[in-house]
Number of protein chains: 4
Amino acid sequence: MPAKKQLGQRAQRKAQRPQEILEAAFEEFVESGYVATRIEDIAKRIGVTKGTIYFYFETKERLFEEMIRHISVPFSDISANAKNLSGTYSERIRMFIRLLYDRIIMDRNTRELLRFVITEGSRFPQVVDRHHEEFIVPFKAAARDILEAGVAAGEFRNAPAIKIPDAAIGATMMLCVWQMLFADRKPQDVEAFFEAHVDVILNGLIARD
Amino acid sequence: MPAKKQLGQRAQRKAQRPQEILEAAFEEFVESGYVATRIEDIAKRIGVTKGTIYFYFETKERLFEEMIRHISVPFSDISANAKNLSGTYSERIRMFIRLLYDRIIMDRNTRELLRFVITEGSRFPQVVDRHHEEFIVPFKAAARDILEAGVAAGEFRNAPAIKIPDAAIGATMMLCVWQMLFADRKPQDVEAFFEAHVDVILNGLIARD
Amino acid sequence: MPAKKQLGQRAQRKAQRPQEILEAAFEEFVESGYVATRIEDIAKRIGVTKGTIYFYFETKERLFEEMIRHISVPFSDISANAKNLSGTYSERIRMFIRLLYDRIIMDRNTRELLRFVITEGSRFPQVVDRHHEEFIVPFKAAARDILEAGVAAGEFRNAPAIKIPDAAIGATMMLCVWQMLFADRKPQDVEAFFEAHVDVILNGLIARD
Amino acid sequence: MPAKKQLGQRAQRKAQRPQEILEAAFEEFVESGYVATRIEDIAKRIGVTKGTIYFYFETKERLFEEMIRHISVPFSDISANAKNLSGTYSERIRMFIRLLYDRIIMDRNTRELLRFVITEGSRFPQVVDRHHEEFIVPFKAAARDILEAGVAAGEFRNAPAIKIPDAAIGATMMLCVWQMLFADRKPQDVEAFFEAHVDVILNGLIARD
DNA sequence: GATGAATGAGTCTTCATTCAT
DNA sequence: GATGAATGAAGACTCATTCAT
């Protein structure tokens, strides 16, 4: 049944089109930003023409929004993972920050998502809002949970940063921005940064009698 | 002497035009970004027409670059101030971070400058480069100077963050990005953040026997 | 088969568009010159809009150059024809000049091409250069060939104009310029001019013992 | 009386301004053509500003027309000279053509005037008309006068070119156009051309029994 | 489903012209 | 007389979007 197989491949192709487009859109939007990206460039990248894009997505705006949704894998897994962490609370914090680094610094999608939120936020306020709900809020909550449990267990002192966990964890953002700006020109030693960061804040949080 | 006064007004006006334009450009570029800002909007903001802008600035690109230069007040003053700090090294670090907050978080120009570096960096690589030279490098150097002196004085332990000061100080960037994104919708308590931040890292750096 | 016919029309249309545009461009450029011609006027002339022109031609400059190429039918045929002339050398010169008149005076494209070379030459030096290679050089060579053969055959005396054929044939240019300037207002009797021209120079070249 | 002298110089200056402007306009229009020449460039050339030009000339169009008038020295002198020629009619024709060469080929103003008539003629029809009246008509009349006198004197045969003198004299235009187009790239030997031209047509016109 | 020719609104940029000083 | 800041009409060019095939 070669005909059927052929048809199956074609159908498969079609079923993949939207994804293909979203991924091509991601690449182009990353390269040039929303305004400067042309629908035609996205089309070319997957070997189709403008019309095809418009068959699947109403407008450029819509395509951008869908693309954002497509690369957004909420932090819910971080929260979930955070709950499953074991060991001392210092170890848990270390692993939690590790998860953060793996997402924000190492995972290209998340990194660029953050960039989009910054660069196109004024054009797409819903994107900013969603990002807040799906990333920031769960992330803060998870961090606070661990920290408070650490305090309760007597492992951490009741520092003001317990209630404002980004004040402790936030250096991650510095590295992230550095990477965004100078990744190619001034490469950073991510591991060393991570170790230095964790070292300072754990020493800063640990309870001493 | 109405004639003289009138002349003075004219000359005065002329002398101020470039500044006026640069400031209007700043506001518009902040609002809409480089691409989406129209020269005409900038003109309207100060009650003139397109042509006037072009009388003072060759192209939109040039205007943007000059605007960036106009709002860029290098960190050199931070470095200078950093050298004049006195007191214990903990106090000095506290004051140094305070300077940072005052610039990056509180000063609108610096905050938006950072945003421009992020959002328009790919279109204006020179801007990114200049920013690196004039902001990042001096900032890191100043931070390291204080930290190393603190270690030499026996006040700080020789933590890995001494050599990578952004790992300690970087939470500032988190707040900065938060402000950039949610300043209006989700206001932050900057002072509390600052205190929590300083508290953690000073406790993390201090030498204990 | 209306569908097929329709398809054919479309494809046909598309295939003709570039030519259609080039011809409309020719008319407009002839009427107003390069600078004063608006792309939109060219478009209107064939009932399309600006965008369509830009779909086929990158820039106005490019369109002009292609238009020039499109109306340029090199003199190579004149050279070829010149070689096939027969009869006395006087007859051959007569026929050669006739070819010239047919091209430069009667053929609108060639006439306007020359005008473009004069009027837009400083903006399009390549056009001038190409014109020199494709028109002037072959033309002079062909003229000299006949004249020298005429001398060799003893039919023409060895006048200085044998080596500088434009000195004999050049009156054509006078008529051409007259036509360019006053064609409508002060019409010329081309045939009479031609006869007078040929009469003078043949009488001037003929060898008499 | 230094004050008076100064004033005199200034007044002199002012009196010369229009001429100065017209000459600067000539240079700029020659270089760039009517449309592409900017009033400001003309002003700069004589060290004044736009406003000054407009003080003396209503519009750019007007300035161009006046400039044309300024460089137009009618052929009336040629006609006058033509009447004063003496010697054989062959010698007179030779001298008449010499006058033509001196004007059309050697005199920059006349050469560029012809170019303007060709390039800007459609924008300035009055210029073309005036040129016809002041240059072409007297030139043809003068030529015909000599030729007819030569026939009457039995020196020239009654060739058709007697009534259509441009058919005999017109090679001048060929050289003129060559110079306009290739003056710099492919220099011509004007004297040789002149001799070849005169040689052919005199031999072509001379009466032989 | 896919194509790509066609549209037209939108923007930068230029420059003749004006006019207060 | 001269200046030059300001105006605004005009035109090249781009690109999201449409739609007949």
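Quick note on labels: first sequence line is chain A, next is B, and so on, each numbered from 1.
- A salt bridge between D:E112 and D:R115 is present, with a side-chain N of the basic residue lying under 4.0 Å from a carboxylate O of the acidic one.
- With axes fitted over five pairs at each extremity, the angle between the ends of the helix from E:dA2-F:dT21 to E:dT21-F:dA2 is 10° (10° resolution).
- Smallest separation of non-hydrogen atoms from A:M180 and A:I118: CE-CD1, 4.3 Å.
- In this structure, A:I53 places its CD1 atom 14 Å from C1' of F:dC15, rounding to the nearest Å.
- When distances are taken from the side chain of D:V48 to each of E:dA2, F:dT7, F:dT3, the shortest belongs to F:dT3.
- Of the two residues contacting DNA chain E, namely C:Y56 and A:T52, the nearest-nucleotide position lying further toward the 5' end is that of A:T52.
- Closest of all the heavy-atom pairs between D:P18 and D:F57 is O-CZ, 4.1 Å.
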Given protein heavy atoms under 4.0 Å, the one-letter contact record of nucleotides 10-17 of chain E, with B base, S sugar-phosphate only and - none, is simply BSSBBSSB
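- Note: CZ (D:F55) to P (E:dC19) measures 15 Å, nearest angstrom.
- Minimum interatomic distance between C:Y54 and C:T59 (heavy atoms only, all atoms of both residues): CE2-CA, 4.2 Å.
- A distance of 9.5 Å separates CD in A:E27 from CE in A:M67, rounded to the nearest 0.5 Å.
- Atom OH in A:Y56 sits 11.5 Å away from atom CG in A:L22 (nearest 0.5 Å).
- Atom pair D:E20:CD and F:dG1:P shows a separation of 14 Å (rounding to whole Å applied).
- Using a cutoff of 4.0 Å between basic side-chain nitrogens and carboxylate oxygens, A:R17 and A:E20 are scored as salt-bridged.
- Taking all atoms of both residues into account, the shortest heavy-atom contact from B:T37 to B:K60 is O-NZ, 2.8 Å.
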